[in-house]
Amino acid sequence: MSNTTKLAGIITGILGVTEKELRDDRKVGEIPNWDSFNNLQIITSVEEAFGVHFTTDEIINAATYGDVKRLLEKHGVKMD
Amino acid sequence: MQYKPPWEKSSGQYHAEYAKLEASGTLEAESAVRIAVLGSHTLGYFSRVLAVRLYENGITANVWTAPYAQIERQISDPESELAAYKPNYSLFVLELQDALGADAAETWRKENHSALKEHALSYCRKLVERAKTCGGRILLSNFTAPATSVYGSRENALRGERRFVHELNHALADECARNGGAALVDLDAACANAGKLNVEDERFRLLGDVRLNFKQSVQLAEEVLGQLIALRGAGKKCIVLDLDNTLWGGVVGEDGLAGIRLGQNDAAGKAFREFQKELLRLHKRGVILALNSRNNEADALEAIRGHPEMVLREEHFAAIRANWQDKAANLEELAAELNIGLDSMVFIDDDAFNTGLVNERLPQVTTILLPRDPSGYALLVKTLKLFDSASVTDDDLKRGASYAQERRRKENEKSFGTYEDFLASLELKMTVSDADDYTIPRIAQLSQRTNQFNMTTRRYDETALKKMLSSGFSAYWMSVEDRFGDYGVVGACIIRDGSTAEIDSFFMSCRVLGKGIEGSFLWKVLDHARANGSERVTAEAIPTAKNKAFLDFYAKAGLHDEGGGRYSTELSEGNFNYPNHIIFEGRLK
């Protein structure tokens, strides 16, 4: 499984949405169910799944789905 | 039903399972237990973990999280969401600042301890009083002692905040135990078990006011699970154990007595021995142990009797099945022999085939598949909440021994020609008296735990019983002893006094049935009612899935069957022929 698929799987599982809701340029607040509560859940799960650790500012600044992918790449996770 | 250790699932798995439960509508069922969770920080995540954890332990719960930081409003406003939710349980996850205000830590000096403690306790008292008006039972957390202290390693000498919280928690626990108004949930133990010093948690606290991290949420859910099992009287009664690679390492039939690993200078051997020690501790607090092993009985007994490092011996097992029949069939036999329900049994085995077979054939039984490494056995047993009960009575402490006595009774029975001769040989002594502070916990326990010989299956805890005793009801208990040993308090009758006395509840442990005891007990209570001026008595028998065998008890005991499960007798006409083989003692003799 590619890391992109893995990431999408985690997020759609938590939000209960289909993958087509996840577009790189879409603000996370506009993706259904992506509220602050689920946001923390997503961060915990993504950190768990990829073995990474984000700083508080990185979490605040991840505004779009594409930002989340770029953040993972910054932490050495190849998003193919 | 397969037991799952709470630490096996990741945070994402809890979330996914909750989403599945929610989507299936299971949690909206009419029969779901309704639990409200209230606190001054973000608890939505914890609530989901709780719902999943309860569900996988057989409790379908609808868990509702009150809006953020609304404890006050929810319990004071009769129109609040909490009042409308009609909870069966309300869980308050408190923080010190709820009780003392945000500035408490600023004024932290040991001179203030007793005043602050009284302030916090009074906050809790008022909270419980007001929360009660919303209905349901109250589950009250204690306070989390901080991981760090401004006094550093001098904290204990200088008595700072941590010491204060420990003292406050002790006082709160005493108060909850004394008043019975709320069941205390050990939040501090949960947080400590999960670990309190996690720098990554600081991010979530700052970003979303999340103060319980994932592991702490899991541990807190575990504490709540244990409390619910205890409050609902749903604690398991019996552990059924495999032998090979469960109580010792290796296969005794092949490796021989000298070849199995147990104790001695061997890390794995020590792990098996420690596992046995934990089981013995459970046995001593009232859990029945039994064996279910694929072995020649002679091989099994040789090891149990002869191995110098065995902790558990024959006398600790209420029943033994060492044979080549399948383990599900053995479990059914054990349940019948011990007179307990399959749903109160926990089956422990190292072989996934056996636990799988039992899950499939007898889903009522809770199965535990041991981890591959025996070093985890003892800890797994220590963390189980499955045996939690509201109280531990003297009778619990005696239960293990009493099953061994029962085995000897049965052997004795075979040596008598007639059943009457056998009864006469027992030297049965029966004590009947009225309930007092000492016996109420045991009566409550029997009310919660007896299923088969329970005529109305109304469940009362200690608080409810005490309330009834001060409002027109009387309760009587009965204990039985014979020459093999003491059964302890094994039955109770709750009656509404009056010129027509009404039997509200009548229940007995099945261990003592069949010796003429049940009818004698009933009539000792009725004779007493008559002496106190009652002219007539009524009773009812309410059928459940489990008490069918005893529904005709009142008719057999000489009461008139009025139909519809109702019975009565005029006390002027009724007289009971007490059997000769029983010696009566106690206030109602």
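The environment of CZ in A/F50 is crowded: more than 12 heavy-atom neighbours from other residues, nucleotides or ligands sit within 6.0 Å. The number of heavy-atom neighbours closer than 6.0 Å to CD of B/E79, taken from other residues, nucleotides and ligands shown, is 12 or below. Crowding of B/K215 atom NZ: a count of heavy atoms from other residues, nucleotides or ligands under 6.0 Å not exceeding 12.
For A/N39, no part lies near chain B; criterion is any non-hydrogen pair under 4.5 Å. Heavy atoms closer than 4.5 Å to chain A are found in the side chain of B/L207, but not in its backbone. Using a 4.5 Å cut-off between heavy atoms, A/I10 does not touch chain B at all.
Shortest non-hydrogen contact noted between A/T56 and B/R203 is OG1-CG, 3.4 Å. Taking both residues in full, the closest heavy atoms of A/N38 and B/H15 are given as OD1-CE1, 3.6 Å, listed atom of the first, atom of the second, then distance.
For the atom pair CG (B/N213) and CG (A/L40), the distance works out to 12.5 Å, reported to the nearest 0.5 Å. B/F214 CZ to A/S45 OG: the interatomic distance, rounded to the nearest 0.5 Å, is 9.0 Å.
Within the 4.5 Å cutoff, side-chain heavy atoms of A/T44 are placed close to those of B/F204.
Residue with the most contacts toward chain A among B/A16, B/A19, B/S10, B/G208: B/S10 (heavy-atom pairs, distance under 4.5 Å). For the set B/Q13, B/E22, B/R48, B/K20, the count of heavy-atom pairs under 4.5 angstrom toward chain A peaks at B/R48.
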